**Student:** 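Take this structure, written in structure tokens, and hold onto it; I'll ask about it next.
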Amino acid sequence: MTMTIIERLQQAVSQAIETLYGEPIAADKVQIAPTVSEFTGDYTAVVFPFVKLAKKAPDVVGAEIGDFLEKNVPEVQSFNVIKGFLNLELSTDYWQRFLQNALSDPGFGRRPRTGEKVMVEYSSPNTNKPLHLGHVRNCLLGWSCSQILDAAGHDVVKAQIVNDRGVAICKSMLSWQKFGEGKTPESTGIKGDHFVGDYYVLFEQKTKEEYEAWQQTDEARAVLAANLKPEQSEKEFFKDYKNKWFNTHSSLGAEVREMLLRWEAHDPDTVALWRQMNGWVYQGFDATYAKLGVDFDKLYYESDTYLLGKDIVDDGLKKGVFFRKDDGSVWVNLTDAGYDQKVVLRADGTSVYITQDLGTARMRYHDFGCKSVVYVVADEQNYHFDVLFEVLRRLDEPYAAGLHHLSYGLVELPTGRMKTREGTVVDADDLIEEVIRIAREQAAERGGTEGPDAEENLRKIGLGALKFFMIKVNPKRRMIFNPEESVDLQGQTGPYIQYSWVRINGLMQRVKKENVDLSPAARYTDFQPQEKELLKALHEYPGVVLTAANEYDPSHIANYCYNLAKSYHRFWHDLSVFNADAPATRAFRLELSRAVGKVLAAGMGLLGIEMPERM
RNA sequence: GGCUCCGUAGCUUAAUGGAUAGAGCAUCUGACUACGGAUCAGAAGGUUAGAGGUUCGAGUCCUCUCGGAGUCACCA
């Protein structure tokens, strides 16, 4: 099948209009949509756009085109017209062939390989503390997006940039050096990333203590007297002043800066300490990624890339995209595109954030030749990526047209944004444990946790709930996560979909055991509405995958799977499958179930959600 | 203040410019001694923030107003 039925119908309508009214209409301008459930029909053509050139009433135009299609398109069995909507019903033969096709095609819903390479960059953690709720959303989006792009035929490289250097990790390092007493993750039994994170938190505590002590000194009183604004309270002033203080007065601050300088100078002891502590963190990250079921093809480390971008700056100067100010700093002026002037190189010749990103973009293109890169980064960086992409376009980089920022809303708590210092961060490991615990609790209430694979099933259910919960909403929507209510297992959830698959799995086990002959399925013609609904839903799947890929939006897949599962539950409730009276009916319903199971598993697989054998 | 994004049932949300805005949760009512009830059916709940405009047709596009978020560092 080289052409989809929608394309066939578009073309046929276009021909009908040309034949009937003598006016050419481009086939892709013809609107064909699935018929809404209140009306009979499978696909609906909208005829309003043609009434003007036909110079006839909408229902007359609809009837004339419908008549033409019925006569000329074998797949069109019948039609009806309601107002300006032409509802077309496809032949049972078409649906039978479609079902067999969907079942026999191992890659149903997947597109042929395009040969186009796409890089998806996600997670991008800092190595000074463990992964949290925000990283979970990022990872789930990034990983499923890469699966979806793969299904759309692209060759995907999953990449992670590890922010493994800078002030933050130096804080953890210094803190461990001063207060760690030689303890290690092994000696304490604490997971490596949490171990390092604990020293980061400890550092912040010690800094706070130092700051509070300083506030009592004469020096602090003098600073306060000199800088306090009239409407400002003393407390507010010191809150605002903290960063300034840390950079100018704090002894801990001074020590951290010295450590960073030693690291940048490749001081062997500092580098050794840095390696050791990052090593602990990576062990911890690996465990969390494994539990989440996400992985990477390529790791980039900021320690290798943070000096990149100088050559691209030279390039930009040569091309006249950048300009140099008197102090030697290099700038780009984007005011004509509605942005600001941005510095791309400091006066002392060192890089800023965007310099690094410019250099990294070029390096990655050299590494993999990806004409397209998807950056999975929270929406607080929208402006940064707008600017980055604009600059790369102006530099005429060969991959500039394929850049996409998959921007997602921050995950917040009912109390507001998560704050490390206030201890309100929802830890990724804790969260995973929690959802599995809830799944176990629910299973126990229903009286069924026994069996050899019980733990494995509970893991799949818990994670299925969590992943579906985070993926089902449009990425750009900001998300408020309530740990009290946590994740639901009923209604529009992962387990709801898993349950429909488990039902189908039960049927398939029986088919196998009893060696049921499924060949009579082809003789079945009297489709019930519940069956037709499922056929139509299955028919939509390839298009949904494509939409999700084009829009970089896994939530389309999640919502599709939910609707398919819902239709299946209704089908299951209303009709007998295994106990159907006629052999053809039974065989058809089993085949239909098998196809639904296959698509559910494939669709949920794109989201990283596995199906439990039992629940 | 400039720029960007968002306002849909009490809550969480869906809807390539197309038919009576579709779900889930919560509330109320029904359906199993099983082809598995983590299910199904029903009730109730909407001026799609507000006002104009474009269109045969607007939750969707344009303008304004109100409300919220993000960002506007030689930080990352």
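Proteins come first, then strands; the chains are lettered A, B, ... in the order of their sequence lines, and each starts at number 1. These numbers were taken from a predicted model, which means no experiment stands behind them. What's counted below: heavy atoms across the whole structure, side chains too, no hydrogens, waters or symmetry copies.
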**Student:** For B:rA41 and A:R570 - does any side-chain N or O of the residue sit under 4.0 Å from the phosphate oxygens OP1/OP2?
**Tutor:**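 A:R570 to B:rA41 OP1/OP2: side-chain N or O found under 4.0 Å.
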**Student:** Choosing from B:rC35, B:rC74, B:rA76, which nucleotide comes nearest the side chain of A:V577?
**Tutor:**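 Looking only at side-chain atoms, A:V577 lies closest to B:rC35.
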**Student:** Side chain of A:H573 only, please: which of B:rA14, B:rU16, B:rC40 is the nearest?
**Tutor:**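 Output: B:rC40.
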**Student:** Looking only at side-chain atoms of A:A443, point me to the closest of B:rC40, B:rC74, B:rA38.
**Tutor:**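 When the side chain of A:A443 is considered, B:rA38 is the closest of B:rC40, B:rC74, B:rA38.
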**Student:** Can you tell me how far C1' in B:rC75 sits from the matching atom in B:rU13, rounded to whole Å?
**Tutor:**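 Rounded to whole Å, the distance is 36 Å.
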**Student:** Mind checking A:T44 for me? I need base, sugar-phosphate or nothing, with any heavy atom below 4.0 Å counting as a touch.
**Tutor:**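 If one applies the 4.0 Å heavy-atom cut-off, A:T44 turns out to touch a base.
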**Student:** For a quick check of understanding: with a heavy-atom distance under 4.0 Å over all strands, which category does A:N243 fall into, base, sugar-phosphate or nothing?
**Tutor:**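 Since no nucleic acid heavy atom lies under 4.0 Å of A:N243, the category is nothing.
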**Student:** What is the per-nucleotide protein-contact pattern of nucleotides 23-28 of chain B, from the 5' end, where B denotes a base atom under 4.0 Å from a protein heavy atom, S denotes such proximity for sugar-phosphate atoms only, and - denotes neither?
**Tutor:** BSS---
**Student:** Using only side-chain N and O atoms of A:W331, determine if any of them is under 4.0 Å from OP1 or OP2 of B:rC74.
**Tutor:**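 It does not, given that no N or O in the side chain of A:W331 lies less than 4.0 Å from OP1 or OP2 of B:rC74.
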**Student:** For A:P58, which contact category applies under a 4.0 Å heavy-atom criterion: base, sugar-phosphate, or nothing?
**Tutor:**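 Nothing, no nucleic acid heavy atom in range.
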**Student:** Is the A:Y375 ring parallel, tilted or perpendicular to the A:F389 ring (thresholds 30°, 60°)?
**Tutor:**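 Answer is tilted, since the angle falls between 30° and 60°.
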**Student:** Which of the following nucleotides, B:rC74, B:rA19, B:rG18, is nearest to the side chain of A:R346?
**Tutor:**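 Nearest nucleotide to the side chain: B:rC74.
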**Student:** Can you check the A:E412 CD to B:rG70 P distance for me, whole Å?
**Tutor:**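 Going from A:E412 (CD) to B:rG70 (P), I get 7 Å.
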**Student:** What contact category does A:V502 fall into here, base, sugar-phosphate, or nothing, at under 4.0 angstrom with non-hydrogen atoms?
**Tutor:**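 Base contact.
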**Student:** Relative to each other, are the rings of A:Y383 and A:Y339 parallel, tilted or perpendicular (30° and 60° limits)?
**Tutor:**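 Aromatic pair A:Y383/A:Y339 classed perpendicular.
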**Student:** Identify which nucleotide among B:rG70, B:rC35, B:rU13 has an atom closest to any side-chain atom of A:R417, counting heavy atoms from C-beta outward.
**Tutor:**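 Shortest atom-to-atom distance from the side chain points to B:rG70.
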**Student:** For B:rC11 and B:rG1, measure between their P atoms and round to the nearest Å.
**Tutor:**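 Pairwise P distance, B:rC11 against B:rG1, rounds to 28 Å.
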**Student:** Determine the contact category for A:L86: base if any of its heavy atoms lies under 4.0 Å from a base atom, sugar-phosphate if only primed atoms, P, OP1 or OP2 are that close, otherwise nothing.
**Tutor:**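 Nothing, no nucleic acid heavy atom in range.
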**Student:** Pick one: which of A:T35, A:T44, A:N87 meets side-chain hydrogen bond (donor to acceptor under 3.5 Å, both in side chains) with A:N80?
**Tutor:**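 For A:N80, the side-chain hydrogen bond (donor to acceptor under 3.5 Å, both in side chains) test succeeds with only one of A:T35, A:T44, A:N87, which is A:N87.
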**Student:** Tell me whether the guanidinium CZ or amine NZ of A:K342 lies under 6.0 angstrom from the six-membered ring centre of A:W331 and within 45° of its axis.
**Tutor:**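 No, A:K342 does not lie over the aromatic ring of A:W331.
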**Student:** Can you find an N or O donor on one side and an acceptor on the other, under 3.5 Å apart, linking the side chain of A:D327 with the base of B:rC74?
**Tutor:**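 Per atom types, the contact qualifies.
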**Student:** Does A:R503 place a side-chain N or O at less than 4.0 Å from the phosphate oxygens OP1/OP2 of B:rG37?
**Tutor:**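 Answer yes for this pair, as a side-chain N or O of A:R503 is under 4.0 Å from OP1 or OP2.
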**Student:** For A:F85, which contact category applies under a 4.0 Å heavy-atom criterion: base, sugar-phosphate, or nothing?
**Tutor:**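 It contacts base atoms.
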**Student:** Taking any heavy-atom pair under 4.0 Å as a contact, classify A:V36: base, sugar-phosphate, or nothing.
**Tutor:**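 Here A:V36 touches the bases of the nucleic acid.
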**Student:** Under 4.0 Å, counting only non-hydrogen atoms across every strand here, what does A:N382 touch: a base, just sugar-phosphate, or nothing?
**Tutor:**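 Counting heavy atoms under 4.0 Å across all strands, no contact is made by A:N382.
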**Student:** Between B:rC6, B:rA76, B:rU71, which nucleotide gets closest to the side-chain atoms of A:Y383?
**Tutor:**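 Nearest nucleotide to the side chain: B:rU71.
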**Student:** With hydrogens left out and only the distance checked, is there a donor-acceptor pair under 3.5 Å joining A:S555's side chain and the base of B:rA14?
**Tutor:**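 Looking at the base of B:rA14, it does not pair with any donor or acceptor on the side chain of A:S555 (distance under 3.5 Å).
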**Student:** Using both distances under 3.5 Å as the test, list the Watson-Crick or G-U wobble partner of B:rG22, or none.
**Tutor:**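 B:rU13 is the nucleotide pairing with B:rG22.
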**Student:** For a quick test of reading the model: is some side-chain N or O of A:H556 closer than 4.0 Å to OP1 or OP2 of B:rA15?
**Tutor:**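 Yes, such a contact exists.
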**Student:** Between A:R446 and B:rA38, is there a side-chain N or O to OP1/OP2 distance below 4.0 Å?
**Tutor:**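 Answer is yes, contact under 4.0 Å.
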**Student:** Quick one: look up who B:rG70 pairs with, Watson-Crick or G-U, both distances under 3.5 Å, and put none if it's unpaired.
**Tutor:**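 Pair assignment: B:rG70 / B:rC3.
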**Student:** Which class fits the ring pair A:W263 and A:Y306: parallel under 30°, tilted 30 to 60°, perpendicular over 60°?
**Tutor:**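 Ring orientation of A:W263 relative to A:Y306: tilted.
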**Student:** Look at the side chain of A:I461 and decide which nucleotide, out of B:rA38, B:rA76, B:rU39, has an atom nearest to it.
**Tutor:**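 The closest nucleotide is B:rA38.
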**Student:** Look at the side-chain N and O atoms of A:R477 and state whether any lies under 4.0 Å from the OP1 or OP2 oxygen of B:rA14.
**Tutor:**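 A:R477 to B:rA14 OP1/OP2: side-chain N or O found under 4.0 Å.
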**Student:** How would you label the contact of A:Q498 with the nucleic acid (heavy atoms, under 4.0 Å): base, sugar-phosphate, or nothing?
**Tutor:**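 A:Q498: no heavy atom of the nucleic acid under 4.0 Å.
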**Student:** Pick base, sugar-phosphate or nothing for A:F48, based on heavy-atom distances below 4.0 Å to the nucleic acid.
**Tutor:**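 Here A:F48 touches the bases of the nucleic acid.
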